[in-house]
Amino acid sequence: MGHAYTYRCRNCGFEDKFNQGHGFLIHSQPLENYLKLNKKLFHYKTHRLLKRLSKENNDLFVKAGFQVYKCPKCKILYDKIEVTVFNHNEVVHKSEFRCSKCRSRLKLTNIHRLKNATCPVCHKSTFRKVSTHFQLWN
Ligand SMILES: [Zn+2]
Ligand SMILES: [Zn+2]
C-alpha cells in the first residue's frame with residue numbers, strides 16, 4: 001500500500017508518477033523468507049548481496065519500499081526501491097542511489113510536502129504536484 005504522486009511540468013507538459021510506500025511482497029520480513037520466495041524483486045546486485053548477507057548471518061530482517069529521492073544538485077525526483085537490512089536494531093545494509101545526470105548521491109525527500117521540483121525534460125523548476133492517489137500494489 002502506498003501513494004502515487006503525479007507531477008506535471010507547467011512549462012513543457014511532461015508528466016510523471018512517483019510511488020511511495022510498501023507493496024504486497026515488498027515489506028519487512030526475515031531475510032530468509034524473502035530468499036525462500038525465490039522471486040527477484042530487487043536489482044540483481046541487491047539480490048546477490050542479500051544472498052551473501054544471509055549466509056553470514058541467518059538472523060537478518062529486510063525492509064523494502066518505494067521511496068522518493070531528490071538530487072541535491074539538479075532537484076530532479078526519482079522513485080526507487082529502498083532496501084534496508086537489519087540485524088536487530090543495527091543497519092547492515094541500506095540502498096544508495098545516484099543521480100543519472102550528475103552522479104550526486106540522492107537524498108530521501110518528503111514528497112508529502114514537496115510541491116515543486118525540477119522537470120527532468122526541460123530542467124525548469126516548474127515541475128508541480130498535481131495529484132495524489134492511494135494505491136495498492138502487488
Ligand atoms: Zn518541463
Ligand atoms: Zn543530479
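Everything numeric in this text was worked out from a predicted model, so none of it was measured. Counting starts at 1 for both ligands and their atoms, in listed order.
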Looking at every heavy atom in both L50 and L35, which two are closest together, and how far apart are they? O-CD1, 4.1 Å
Between Y5 and Q20 (side chain of the first, backbone of the second, donor and acceptor by atom type, cut-off under 3.5 Å), is there such a pair? no
With under 30° as parallel and over 60° as perpendicular, where do the rings of Y7 and F18 fit, or are they tilted in between? perpendicular
pair L60-Y34: side-chain heavy atoms closer than 4.5 Å: no
How about H123: does one of its N, O or S atoms come closer than 2.8 Å to the Zn ion (ligand 1)? no
Could you grab the angle centred on the Zn ion (ligand 2), going from SG in C102 to SG in C71, to 10°? 100°
Is there a donor-acceptor pair under 3.5 Å between the side chain of K129 and the backbone N or O of H112? yes
With rounding to 10 degrees, what does the angle C122:SG / the Zn ion (ligand 1) / C9:SG come to? 100°
Angle subtended at the Zn ion (ligand 1) by C119 SG and C12 SG, rounded to 10 degrees: 110°
Note: SG(C74)-the Zn ion (ligand 2)-SG(C99) angle, rounded to 10 degrees, equals 120°
